[in-house]
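First up is the structure itself, then whatever we jot down about it.
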Amino acid sequence: MKQVSELLHLLDLEQLEVNLFRGQSRSVGSARVFGGQVLAQALSAAMRTVPKDRFVHSLHGYFVLPGNLDIPIVFEVDRIRDGGSFTTRAVKAIQNGAAIFHLTASFHLDQEGYDHQVDMPDVLGYDELVSYESMARQFGDKLPENIRKLLSVERPIEFRPVEFHNPFAHEIYEPYRNVWFKTYGEMPDERHEHELVLAYASDYNLLTTALLPHGKATDYRNLQLASLDHAMWFHRPFRADEWLLYSIDSPSASGARGFTRGNIFNVRGELVASVVQEGLMRKVKK
């Protein structure tokens, strides 16, 4: 799924009824449905019930059960409210009669108002860095099998990490990372599609940032990792097929849970979105 056209097809759901949609799944190297996929598909279902002149400004989701890659996911949309300038939707993702994911999303008409933002971090540019795929080719069979498997899967998003984390040592790192990313291939101009792709990509690199201070930068063996909840705010229009910087930090980990947050900037330094996530980081006994 290296070209973004395949991802857009994955996020283009089949309509079953007025508020009912169905989607398929695609593996990203794990045994269960990728959280970013079900998140973006749920957002896609909500968008199908919202006027085209309203754009998502925030979403909040809970991952309830692991998703089965072999079973279609049904998305049921609840039209919570249609106001003068805001529209609210709730979406339930269902497999085998059980909810695996819940999403609430709010949409807003474009309006003028106050404008300020934090500065983008001063980091190396994307043109000075190499992708995860290039790293996989460089280290080859020397990488742990689980990492090699994850990196070998073709993705529609190219990621270029700013910080290098040694895959052969259990080093301690500060709990932050910066990653440049964009889609493989150009996208249509439709703004809603760029928002869906960003929601999909926003689930990458988050939870693993909370592992950096614990000597688990690249080795996830003997760990149970899973996203628990995910919130996202869209601040300004952007293009997902142009380079974006994901600046992530993890303020806390406790109680077998890691807390992470990220700001997403375009190349002009404009803050286009913010993300917060908490995930399960449980040690598995050998």
Side-chain angles (χ1 to χ4, degrees), residues 1 4 6-8 10-11 13 21-47 56 58-76 90-96 98-105 132 146-147 149-151 153-157 159 177 179 181 183 195-211 216 220 223-234 240 246 248 250 253 256-262 264 273-282:
M1 194 171 59
V4 71
E6 296 182 46
L7 174 57
L8 294 177
L10 186 70
L11 303 180
L13 307 178
F21 304 86
R22 179 166 57 197
Q24 305 299 322
S25 296
R26 178 71 180 263
S27 174
V28 296
S30 63
R32 56 180 181 253
V33 174
F34 172 51
Q37 176 203 301
V38 69
L39 170 75
Q41 286 179 326
L43 178 60
S44 178
M47 284 180 174
V56 61
S58 70
L59 60 83
H60 301 259
Y62 279 93
F63 299 92
V64 182
L65 289 171
N68 188 326
L69 286 165
D70 300 321
I71 302 174
I73 306 173
V74 174
F75 297 88
E76 182 180 4
V91 183
K92 180 166 62 175
I94 304 166
Q95 280 186 325
N96 288 325
I100 65 168
F101 179 74
H102 278 272
L103 176 82
T104 303
Y132 284 137
N146 62 321
I147 300 301
K149 180 181 177 182
L150 286 172
L151 293 181
V153 175
E154 286 194 343
R155 293 178 173 81
I157 312 291
F159 297 97
R177 78 169 82 227
V179 183
F181 70 98
T183 62
E195 293 166 343
L196 290 176
V197 169
L198 191 67
Y200 175 91
S202 70
D203 195 34
Y204 278 105
N205 298 296
L206 272 174
L207 186 54
T208 53
T209 302
L211 293 172
K216 290 288 185 179
Y220 312 139
L223 285 175
Q224 183 182 2
L225 300 176
S227 302
L228 295 174
D229 60 359
H230 191 104
M232 190 170 184
W233 294 264
F234 297 78
Y246 205 170
I248 305 169
S250 175
R257 302 185 312 277
F259 176 74
T260 54
R261 58 191 180 185
I264 301 175
S274 298
V275 184
V276 172
Q277 184 182 97
E278 188 175 52
L280 178 69
M281 302 193 317
R282 180 185 291 154

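- Applying the side-chain hydrogen bond (donor to acceptor under 3.5 Å, both in side chains) rule to Thr260 yields no partners; only residues at least two apart in sequence or on another chain are considered.
- Side-chain contact check for Leu59 versus Leu39: some heavy-atom pair is nearer than 4.5 Å.
- Across Val276 and Arg261, no two heavy atoms sit closer than the pair CG2-CB, 4.0 Å.
- Remark: Leu223 engages Leu211, Lys216, Leu225, Lys283 in a side-chain contact (heavy atoms from CB on, under 4.5 Å) (not counting sequence neighbours).
- Scanning all heavy atoms of the two residues, the minimum distance from Ala210 to Met281 falls at CB-SD, 3.6 Å.
- Partners of Val64 under the side-chain contact (heavy atoms from CB on, under 4.5 Å) rule, at least two apart in sequence or in another chain, are His102.
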Quiz: residues 40-47 side-chain donor-acceptor pairs under 3.5 angstrom, not counting sequence neighbours:
from  : atom 1 : to    : atom 2 : distance (Å)
Gln41 : OE1    : Gln37 : NE2    : 3.1
Gln41 : NE2    : Leu10 : O      : 3.1
Gln41 : NE2    : Gln24 : O      : 2.8
Ser44 : OG     : Leu11 : O      : 2.7

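- The two residues Leu65 and Ala98 have their closest heavy-atom pair at CD1-CB, 4.2 Å.
- A heavy-atom distance below 4.5 Å is found between the side chains of Val28 and Ser30.
- Across every non-hydrogen atom of Phe75 and Gly23, the tightest pair is CE1-N, 4.1 Å.
- For Arg177 and Tyr246, the side-chain atoms include no donor-acceptor pair closer than 3.5 Å.
- Checked against salt bridge (Lys or Arg N to Asp or Glu O under 4.0 Å), Arg282 has no partners two or more places apart in sequence or in another chain.
- The side-chain heavy atoms of Ile94 and Ile100, taken from C-beta on, include no pair separated by under 4.5 Å.
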Dump the intermediate steps for side-chain contact (heavy atoms from CB on, under 4.5 Å) on Leu198 and Phe234, then the final yes or no. CA-CA 10 Å; Leu198 191 67; Phe234 297 78; 4.2 Å; yes
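- With rounding to the nearest 0.5 angstrom, the CG atom of Leu206 is 10.5 Å from the CZ atom of Phe259.
- Residues meeting the side-chain hydrogen bond (donor to acceptor under 3.5 Å, both in side chains) test with Thr104, sequence neighbours left out: none.
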| Residue pair Val197, Leu8: steps toward the side-chain contact (heavy atoms from CB on, under 4.5 Å) verdict | CA-CA 8 Å; Val197 169; Leu8 294 177; 3.8 Å; yes
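- Under the side-chain hydrogen bond (donor to acceptor under 3.5 Å, both in side chains) criterion, Glu76 pairs with no residue, sequence neighbours left out.
- Take Phe21 and apply the ring-ring contact (aromatic ring centres under 6.0 Å, His included) test, not counting sequence neighbours, and it matches no residue.
- Between Ser227 and Leu207, the shortest heavy-atom contact is N-CD2, 4.4 Å.
- Residues that satisfy the side-chain hydrogen bond (donor to acceptor under 3.5 Å, both in side chains) test with Ser202, not counting sequence neighbours, are His230.
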**Message:** Arg155 vs Phe181, test: side-chain contact (heavy atoms from CB on, under 4.5 Å). Steps then yes/no.
**Reply:** CA-CA 12 Å; Arg155 293 178 173 81; Phe181 70 98; over 6 Å; no
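- At least one donor-acceptor pair under 3.5 Å links the side chain of Gln95 to the backbone N or O of Asn68.
- The ring-ring contact (aromatic ring centres under 6.0 Å, His included) test applied to Phe63 returns Phe101, not counting sequence neighbours.
- Partners of Arg32 by salt bridge (Lys or Arg N to Asp or Glu O under 4.0 Å), not counting sequence neighbours: none found.
- For the pair Asp229 (side chain) and Glu278 (backbone), a donor-acceptor distance under 3.5 Å is present.
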> Which is it for Phe34 and Tyr204 under the ring pair (Phe, Tyr, Trp, His ring centres under 6.0 Å) test, yes or no, and what are the steps along the way?
Replying inline: CA-CA 9 Å; Phe34 172 51; Tyr204 278 105; 4.6 Å; yes
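- The side-chain heavy atoms of Val33 and Pro66, taken from C-beta on, include no pair separated by under 4.5 Å.
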Problem - Stepwise side-chain contact (heavy atoms from CB on, under 4.5 Å) test for Ile264 and Ser274 - result: CA-CA 6 Å; Ile264 301 175; Ser274 298; over 6 Å; no
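- Annotation: salt bridge (Lys or Arg N to Asp or Glu O under 4.0 Å) contacts involving residues 197-207, sequence neighbours excluded, are absent.
- Here CZ of Arg257 is found 9.5 Å from CG of Leu280. Values are rounded to the nearest 0.5 Å.
- Closest heavy-atom contact between Pro156 and Leu7: CG-CD2, 3.8 Å.
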